[in-house]
Amino acid sequence: MRQELEQAIAGVCKDLFSVDVEVELTRPDEQFGDYATNVALQLSKKLNKNPREVAEAIKETVKHPAISSMSIAGPGFINLELTDDALVQLSEQKPEQTLEGDIVVVEYSDPNPFKVLHAGHLYTSVVGDAVAKLLESSGAKVYRVNFGGDVGLHVGKAMWSILQEIGGENPDKLNEVNERSEWLTQCYVAGTTAYENDDKAKSEIINLNKRVYQLYADNDHDSPFAQIYWTCRQWSYDYFKEFYTRIGSHFDKYYPESETAPLGLQKAQELLKSGVLEKSDGAIVFKGEEHGLHTRVFINSQGLPTYEAKDLGLTIAKTNDYHPDKSIIITGNDIVEYMKVVLKVVQQFDPEHAQATTHLTHGMVKLAGGAKMSSRRGNILRAVDVIDVAQVANESATGQKDESTALAAIKYAFLKNRIGGDIVYDPAESVALEGNSGPYLQYAHARARSILSKVKTADSKQQPVNRFEKDERSLLRKIGEYAEVVDRAVQYLMPHHVCMYLYELSQEFNRFYEHNRVIDDPRQSVRLTLVHSYADILKNGLELLNIPAPDTM
RNA sequence: GCACCCGUAGCUCAGUUGGAUAGAGCGCCUGGCUUCGGACCAGGAGGUCGGCGGUUCGAGUCCGUCCGGGUGUACCA
């Protein structure tokens with residue numbers, strides 16, 4: 001509908017002035033109309049004419065059954081008012097299927113085994129889920145994948161401390177460990193401290209790191225050391241899965257670095273031969289300076305693959321496994337420059353994949369009034385801490401024991417910010433029952449469902465509607481924006497557009513609800529239709545954010 | 001030092017990619033309703049959009065520069 005109108009106006013401009021122009025219809029303030037365009041302002045310069053004259057000519061010539069009236073305002077905006085039928089049609093429109101048939105791999109969350117899940121993992125998971133849902137809503141077949149370091153120096157650090165704790169290579173001692181994930185986290189922290197402060201420990205850790213790689217090379221699952229490693233590794237993955245289930249995330253595939261490392265190592269060797277990578281100080285590096293980037297190490301002087309090589313291997317694995325049309329990688333923005341280097345290298349051997357890859361980054365989570373967090377130290381804000389503090393706030397506000405509202409509150413609080421910069425998370429505000437919050441939206445939905453549930457099915461059947469009263473029309477107008485908002489959110493991979501819209505929609509509904517009765521009103525059938533599509537849109541929108549919309553609360 | 005990101009109301013954030021009077025939420029002040037779920041609605045105060053300069057009919061948005069903050073910058077991930 002919108003595109004149709006844009007083309008109609010563009011066609012008129014061509015007929016009148018013999019120019020090709022891109023017409024973009026925007027949603028102006030309601031007082032101005034349903035759609036607006038500044039095309040006359042754009043053209044006036046090119047044509048050397050008064051913008052209002054240009055607008056006048058366009059206004060007189062454009063004819064479309066969806067338009068009930070047009071007006072010119074301000075410096076030369078053309079405002080369109082749509083017919084009620086057109087508004088109804090818009091309200092039934094589905095998001096565009098721009099990615100119909102496309103395969104999209106979305107990589108996100110990426111926690112490392114042996115380490116704790118912190119608030120950043122919670123945030124990035126919530127963002128990734130929403131982005132994945134958005135892509136699905138536009139017709140893509142989405143695969144959610146998760147990349148994590150089950151090999152690498154951090155594993156060496158954890159293993160070093162694990163061996164200390166259980167008194168050597170005694171796998172049986174692991175049976176005595178309670179609070180497994182907590183225990184692993186503490187081991188990792190202790191290992192990190194030792195690595196930094198104790199040279200003997202440092203060299204032992206470096207050695208343990210090599211031994212872990214060797215386990216894979218030997219396919220060793222039986223030696224005492226192997227048993228310890230594999231058991232603790234499994235504990236980590238169990239802990240991840242439990243957490244993801246709790247927050248409503250799921251992944252189609254976990255790519256452990258142990259799987260991508262050999263692929264990356266092999267590719268790096270090839271790239272060394274072909275001259276893309278080169279030797280430097282015993283390491284194999286990519287000189288990024290020639291491309292305006294910086295130099296990064298792919299294989300260290302020990303012969304071990306770094307994160308860079310493992311990431312290289314990951315892109316190969318993704319291509320082999322999915323042959324994606326698009327590949328989205330979601331991470332914190334601290335690795336933007338790093339990722340540019342890796343993608344530049346990918347471009348040298350698989351330009352198509354590099355071209356199809358988007359690195360979407362977000363900032364850090366900061367607790368309102370609190371400090372930020374570092375994953376290397378013990379004083380971090382854990383993911384479960386964020387959930388717990390939200391649940392405490394939720395329970396004290398509502399008496400509700402169930403944590404689903406708290407989770408919805410967290411997700412919405414995270415997603416309502418534009419992805420990119422750091423976000424400040426305020427637990428009290430997030431669970432607030434008023435204002436721009438998840439619970440407000442869930443409640444606004446439940447209230448509409450409650451109205452609908454009071455009507456017998458026979459009464460609620462839809463009837464054709466011709467004319468809307470002012471408040472009804474405002475609500476309908478807002479409902480009709482949904483598909484466009486989703487389209488924009490998909491185009492820019494920005495879930496916050498959906499949040500903003502859903503809040504405005506709910507406000508519009510609450511305004512309507514304040515002044516108009518639904519049940520037992522002469523206009524009941526018209527209004528029920530509106531309430532119904534409102535509730536469906538709200539539910540749909542919340543689900544795009546991976547937030548459930550229960551019928552009752 | 002260099003590179004990238006950020007700076008909008010007291011606080012937390014939007015701002016339809018250069019357009020109309022810069023908008024929300026929280027907090028503060030005033031009022032309404034409290035019979036479909038009040039977890040509501042209406043209104044008010046609060047802004048030299050970090051500063052300066054430039055491009056443009058038009059700049060929060062683009063360019064330059066300065067100030068302030070964050071991140072990254074070779075064998076960690």
Side-chain angles (χ1 to χ4, degrees), chain A residues 24-29 31-32 36 38 41-42 44-45 51 73-77 79 110 112 115 148-149 152-154 157 192 195 257 280-288 292-302 304 306-308 310-311 332-338 340 361 363-364 368-369 372 375-376 397-398 413 416-418 420-426 428-429 432-437 439-440 442-444 446-455 481 484-485 488 492 496-497 499-500 503-504 507 510-521 524 527 531 552-553:
Chain A
E24 196 194 354
L25 286 175
T26 57
R27 291 281 187 166
D29 258 22
Q31 52 170 320
F32 295 124
N38 63 0
L41 291 161
Q42 289 178 46
S44 68
K45 190 181 182 189
F77 291 98
N79 294 317
D110 295 352
N112 283 329
K115 291 171 78 170
L153 195 60
H154 65 285
K157 291 172 181 172
T192 301
Y195 184 87
E257 287 182 6
S280 175
D281 290 342
I284 295 174
V285 308
F286 179 71
K287 297 275 190 188
L293 303 168
H294 61 271
T295 295
R296 295 207 69 100
V297 173
F298 281 70
I299 300 177
N300 69 21
S301 45
Q302 311 264 335
L304 295 178
T306 59
Y307 191 49
E308 286 81 340
K310 296 168 188 168
D311 236 337
N333 55 22
D334 49 340
I335 64 165
V336 284
E337 294 299 307
Y338 157 85
K340 281 182 194 167
T361 67
M364 306 251 154
K372 60 168 190 169
S375 66
R376 307 264 165 86
T398 62
K416 73 178 179 178
N417 293 297
R418 185 192 183 92
D422 292 350
I423 63 164
V424 176
Y425 174 70
D426 183 341
E429 189 186 313
L433 313 169
E434 305 120 23
N436 190 0
S437 71
Y440 173 97
Q442 288 185 312
Y443 183 77
R447 184 151 65 172
R449 291 290 175 205
S450 167
I451 295 173
L452 296 171
S453 73
K454 290 190 165 49
V455 184
E481 284 181 35
E484 290 169 21
V485 170
R488 189 161 66 241
Y492 297 106
H496 79 285
H497 284 124
C499 296
M500 292 294 153
Y503 182 61
E504 288 169 14
Q507 276 186 315
N510 281 332
R511 266 193 283 271
F512 170 82
Y513 177 85
E514 185 76 14
H515 304 297
N516 303 279
R517 254 202 97 76
V518 177
I519 294 171
D520 296 336
D521 185 276
Q524 170 171 321
R527 291 177 178 174
V531 173
T552 57
M553 290 179 74

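For the numbers below, each heavy atom of this structure counts, side chains included, while hydrogens, waters and symmetry mates do not. Just so we're on the same page: letters track the sequence lines, and every chain starts at 1.
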Exercise. Which one, B/C41, B/C4, B/C36, comes nearest to the side chain of A/K340?
Worked result: B/C4
For this session: Not counting sequence neighbours, which residues clear salt bridge (charged side-chain N to carboxylate O under 4.0 Å, His left out) with A/R527? List them please.
Result: A/E469, A/E472, A/D521
For this session: Could you tell me whether A/G152 contacts a base, only the sugar-phosphate backbone, or nothing, with contacts defined as non-hydrogen atoms closer than 4.0 Å?
Result: sugar-phosphate
Problem set entry | Polar pair under 3.5 Å, donor/acceptor by atom type, side chain A/S301, base B/C75 | yes
Exercise. Partners of A/D311 by side chain to side chain donor-acceptor pair (under 3.5 Å), sequence neighbours excluded?
Worked result: A/Y338
Quick one: which protein N/O atoms are closer than 3.5 Å to N/O atoms of nucleotides 21-30 of chain B? Pair and distance per line, please.
{"unit_1": "B/G25", "atom_1": "OP1", "unit_2": "A/Q507", "atom_2": "NE2", "d": "3.4"}
{"unit_1": "B/G25", "atom_1": "O2'", "unit_2": "A/N436", "atom_2": "N", "d": "3.4"}

For this session: Describe the nucleic acid contact of A/T306 in one word from base, sugar-phosphate, nothing, applying a heavy-atom distance below 4.0 Å.
Result: sugar-phosphate
Exercise. Is A/P51 touching bases, backbone alone, or none of the nucleic acid, heavy atoms closer than 4.0 Å?
Worked result: nothing
For this session: Taking atom C1' in both B/G43 and B/U55, compute the distance separating them and give it to the nearest angstrom.
Result: 41 Å
Exercise. C1' atom, B/G44 versus B/C5: distance in rounded Å?
Worked result: 37 Å
For this session: Using a heavy-atom cut-off of under 4.0 Å over every strand shown, decide if A/E504 touches base, sugar-phosphate, or nothing.
Result: nothing
Problem set entry | A/Y307 side chain near B/A77 phosphate (N/O to OP1/OP2, under 4.0 Å) | no
Exercise. Can you check whether A/T26 has a side-chain N or O nearer than 4.0 Å to OP1 or OP2 of B/U16?
Worked result: no
Exercise. Under the 3.5 angstrom rule, does the side chain of A/H154 hit a backbone N or O of A/G149 as a donor-acceptor pair?
Worked result: yes
Seminar exercise, completed: Expected label for B/U56 (glycosidic angle, syn inside 90° of 0, else anti) would be anti
Exercise. Does a salt bridge link A/E514 with A/R511, judged by any charged N lying under 4.0 Å from a carboxylate O?
Worked result: no
Under 3.5 Å, which N/O atoms of the protein pair with N/O atoms of nucleotides 72-74 of chain B?
{"unit_1": "B/A74", "atom_1": "N1", "unit_2": "A/S280", "atom_2": "OG", "d": "2.6"}

Exercise. Between atom CG in A/N510 and atom P in B/U34, what is the gap in whole Å?
Worked result: 17 Å
Exercise. With respect to the phosphate group of B/C40, does any side-chain polar atom (N or O) of A/R511 fall under 4.0 Å of OP1 or OP2?
Worked result: no
Problem set entry | Pairing residues for A/Y425 by the ring-ring contact (aromatic ring centres under 6.0 Å, His included) criterion, not counting sequence neighbours | A/F414
Exercise. What stems involve RNA chain B, if each pair must be Watson-Crick or G-U and both of its distances must be under 3.5 Å, with 3 or more such pairs in a row?
Worked result: B:1-7 with B:67-73, B:10-13 with B:23-26, B:28-32 with B:40-44, B:50-54 with B:62-66
Exercise. Counting side-chain heavy atoms from CB outward, which of B/U16, B/C75, B/A77 is closest to A/E308?
Worked result: B/A77
Problem set entry | Residue mapping more 5' on RNA chain B - nearest nucleotide basis, A/P439 or A/L41 | A/L41
Exercise. Counting any heavy atom closer than 4.0 Å, what does A/D311 reach on the DNA or RNA strands: base, sugar-phosphate only, or nothing?
Worked result: nothing
Problem set entry | Atom-to-atom span, OH of A/Y425 to P of B/U12 - whole angstrom | 16 Å
Exercise. With sequence neighbours excluded, what pairs up with A/Y307 under the side chain to side chain donor-acceptor pair (under 3.5 Å) test?
Worked result: none
For this session: Name all residues meeting the salt bridge (charged side-chain N to carboxylate O under 4.0 Å, His left out) criterion together with A/E434; count only those two or more places apart in sequence or in a different chain, and write none if there are none.
Result: none
Problem set entry | Euclidean distance for P, B/C40 against B/U8 (whole angstrom) | 28 Å
Problem set entry | Protein-nucleotide distance (A/Q442, atom CD; B/A39, atom C1'), rounded to Å | 11 Å
Problem set entry | 5' precedence on RNA chain B between A/L153 and A/L25 (nearest-nucleotide basis) | A/L25
Exercise. Do you know the tightest heavy-atom contact between A/N112 and A/E257?
Worked result: OD1-OE2, 4.4 Å
Problem set entry | Those residues that, when tested against A/S450, pass side-chain contact (heavy atoms from CB on, under 4.5 Å) (two or more places apart) | A/K454
Exercise. How close or far is atom C1' of B/C36 from atom CD of A/Q524, stated in whole angstroms?
Worked result: 10 Å
Exercise. Between A/F286 and A/R296, does a side-chain contact (heavy atoms from CB on, under 4.5 Å) hold up when you go through it step by step?
Worked result: CA-CA 6 Å; A/F286 179 71; A/R296 295 207 69 100; 5.6 Å; no
For this session: May I have the distance from A/R517 (atom CZ) to B/U35 (atom P), rounded to whole angstrom?
Result: 10 Å
Exercise. Is A/E24 touching bases, backbone alone, or none of the nucleic acid, heavy atoms closer than 4.0 Å?
Worked result: sugar-phosphate
Exercise. What residues form a side-chain contact (heavy atoms from CB on, under 4.5 Å) with A/N300, not counting sequence neighbours?
Worked result: A/V297, A/Q302, A/L304, A/T306
Problem set entry | Among B/A14, B/C4, B/A77, the nucleotide that comes nearest once only the side chain of A/H496 is considered | B/A14
Exercise. Which residues satisfy the side-chain contact (heavy atoms from CB on, under 4.5 Å) test with A/A448, sequence neighbours excluded?
Worked result: A/F509, A/V531, A/Y534, A/A535
Seminar exercise, completed: Closest of B/C40, B/G37, B/C13 to the A/I451 side chain is B/G37
Problem set entry | Whole-Å P distance, B/U30 and B/A45 | 15 Å
Problem set entry | Partners passing side-chain contact (heavy atoms from CB on, under 4.5 Å) against A/S437 (at least two apart in sequence or in another chain) | A/P439, A/Y440
Problem set entry | A/D422, nearest nucleotide to its side chain (from B/G70, B/G37, B/U17) | B/G70
Exercise. Is there a side-chain polar atom (N or O) of A/K157 under 4.0 Å from OP1 or OP2 of B/C76?
Worked result: no
For this session: Would you indicate what A/A36 reaches in the nucleic acid, counting non-hydrogen atoms under 4.0 angstrom: base, sugar-phosphate, or nothing?
Result: base
Exercise. Salt bridge or not for A/K416 and A/E429, using N-O below 4.0 Å?
Worked result: yes
For this session: Tell me what A/N112 touches on the nucleic acid: a base, only sugar-phosphate, or nothing, going by heavy atoms under 4.0 Å.
Result: sugar-phosphate
Problem set entry | Integer angstrom distance from the C1' of B/G69 to that of B/G31 | 42 Å
Problem set entry | B/G54 to B/G60 separation - P atoms, rounded to the nearest Å | 15 Å
For this session: In whole angstrom, give me the gap between the C1' atoms of B/A74 and B/C2.
Result: 16 Å
Exercise. Which of the following nucleotides, B/C13, B/C40, B/A77, is nearest to the side chain of A/M500?
Worked result: B/C13
For this session: Quick one: label A/A444 by what it contacts on the DNA or RNA (base, sugar-phosphate, nothing), any heavy atom closer than 4.0 Å.
Result: nothing
Problem set entry | C1' spacing across the pair B/A20 / B/C63, given as an integer number of angstrom | 25 Å
Problem set entry | Separation of atom CZ in A/R418 from atom C1' in B/U12, rounded to whole Å | 17 Å
For this session: Compare side-chain N and O positions of A/K45 against OP1 and OP2 of B/U56 and report whether any pair is under 4.0 Å apart.
Result: no
Exercise. Judged by atom type as modelled, is there a donor-acceptor pair below 3.5 Å linking the side chain of A/D422 to the main-chain atoms of A/M364?
Worked result: yes
